[in-house]
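Following: one structure in structure tokens, then a few remarks.
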Amino acid sequence: MVQKSPEKGRALVEKLLREGRLQLVDAQPERAQELVTQARKHLVSASTLASQDGTGAFQLLYDSARKTMTAPLLAQGLRPKGEGSHAVLGEVLLAQFAPPHGDVLKKFDLMRRLRNNAEYPSGPPVELSAEEVLSYVPHVQNIINVVEEILPRLKEF
């Protein structure tokens, strides 16, 4: 018998599918693992770049978290689409895996908001210091660790 993805969060996933904020695609567990591998490289690169270009390093760090958060959805055959697609990543993963991983996964939304402020400033340009960027490295590492733990257990939605 084929095991399905977690029942926890199913109602939200179905709602987002109906709204067109999420779409069904072919499940790609191998591609999901590749995203996590890329994310690990981005994490190292962001740490190295932080002292030279804090804002650029944060973008790379955010990309690491985003790719990692995308991986479980892709493994289940789900893909966010349209405006707000990055927010959907956090919504779905929190619905499916919090608890026990809520505290770790919530950091992605915090990063998403900071990244949006840096990318689309409504006031003066946002410059992030190396210290600020490096303070997020452990959070992204924790996100990667959680996703690596849950990824092997995921099945098609």
Side-chain angles (χ1 to χ4, degrees), residues 1-50 55-120 133-134 136-157:
M1 179 176 170
V2 174
Q3 184 180 9
K4 291 290 187 179
S5 64
E7 285 301 312
K8 191 171 155 188
R10 181 169 284 282
L12 176 65
V13 169
E14 289 173 350
K15 175 183 177 273
L16 293 171
L17 285 166
R18 284 190 306 273
E19 293 173 353
R21 295 179 60 209
L22 199 59
Q23 67 183 29
L24 290 172
V25 295
D26 290 335
Q28 299 175 47
E30 296 85 13
R31 178 70 180 124
Q33 189 56 56
E34 288 171 13
L35 285 176
V36 175
T37 299
Q38 287 177 4
R40 283 198 171 283
K41 292 177 184 177
H42 291 347
L43 182 67
V44 171
S45 297
S47 299
T48 302
L49 184 62
T55 304
F58 187 81
Q59 179 63 38
L60 199 52
L61 194 60
Y62 174 78
D63 216 31
S64 175
R66 180 190 56 78
K67 286 181 178 184
T68 303
M69 297 285 283
T70 300
L73 272 68
L74 190 57
Q76 296 177 77
L78 300 167
R79 182 172 62 197
K81 65 183 241 188
E83 189 172 328
S85 62
H86 292 191
V88 166
L89 294 172
E91 287 179 57
V92 172
L93 265 64
L94 282 170
Q96 290 182 331
F97 304 108
H101 303 296
D103 289 342
V104 170
L105 298 173
K106 285 179 186 175
K107 298 296 184 190
F108 176 72
D109 193 57
L110 179 66
M111 291 182 71
R112 184 183 64 78
R113 292 170 192 270
L114 181 57
R115 179 255 185 194
N116 284 351
N117 287 338
E119 280 290 304
Y120 314 109
V133 171
L134 293 174
Y136 285 93
V137 168
H139 300 308
V140 175
Q141 183 62 59
N142 289 338
I143 292 170
I144 291 171
N145 292 344
V146 164
V147 168
E148 285 183 328
E149 176 188 328
I150 63 176
L151 211 49
R153 299 189 312 249
L154 295 178
K155 303 295 179 203
E156 194 167 346
F157 184 78

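Small disclaimer: the values here were computed from a predicted structure and weren't measured. This chain uses plain numbering: 1 for the first residue, then up along the sequence. All heavy atoms count here, side chains included; hydrogens, waters and symmetry mates do not.
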Please report the C-alpha distance between K107 and N142 in whole Å, then the side-chain angles of each, then the deciding distance to 0.1 Å, and finally whether the side-chain contact (heavy atoms from CB on, under 4.5 Å) criterion is met.
-> CA-CA 9 Å; K107 298 296 184 190; N142 289 338; over 6 Å; no

Could you go through the side-chain contact (heavy atoms from CB on, under 4.5 Å) check for V146 and F97 one step at a time?
-> CA-CA 9 Å; V146 164; F97 304 108; 5.8 Å; no

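Contact annotation: the side chain of P29 never approaches that of E156 to less than 4.5 Å [non-hydrogen atoms, C-beta and beyond]. In this structure, S64 and I144 have side chains that are in contact, with non-hydrogen atoms separated by less than 4.5 Å. Side-chain contact between L73 and L22: present, with at least one pair of heavy atoms (C-beta onward) separated by less than 4.5 Å. You'll find the side chain of V140 stays beyond 4.5 Å of the side chain of T68, heavy atoms only. For the pair R115/D63, no side-chain contact is recorded, criterion being any heavy-atom separation below 4.5 Å from C-beta on.
Counting all heavy atoms, side chain and backbone alike, A32 lies closest to L74 at N-CD2, 4.0 Å. Closest approach of M69 to L105, counting heavy atoms only: SD-CD2, 3.8 Å.
Considering V13, L16, D109 in turn, L16 is the only one that fulfils the side-chain contact (heavy atoms from CB on, under 4.5 Å) rule with E91.
By the side-chain hydrogen bond (donor to acceptor under 3.5 Å, both in side chains) test, H101 pairs with no residue at all, sequence neighbours left out. Among residues two or more places apart in sequence or in another chain, the side-chain hydrogen bond (donor to acceptor under 3.5 Å, both in side chains) test is passed with E148 by R40.
With a 6.0 Å radius and a threshold of 12 heavy atoms from other residues, nucleotides or ligands, E83 has its CD atom at or below the threshold. No more than 12 heavy atoms of other residues, nucleotides or ligands shown are found within 6.0 angstrom of CG on D103.
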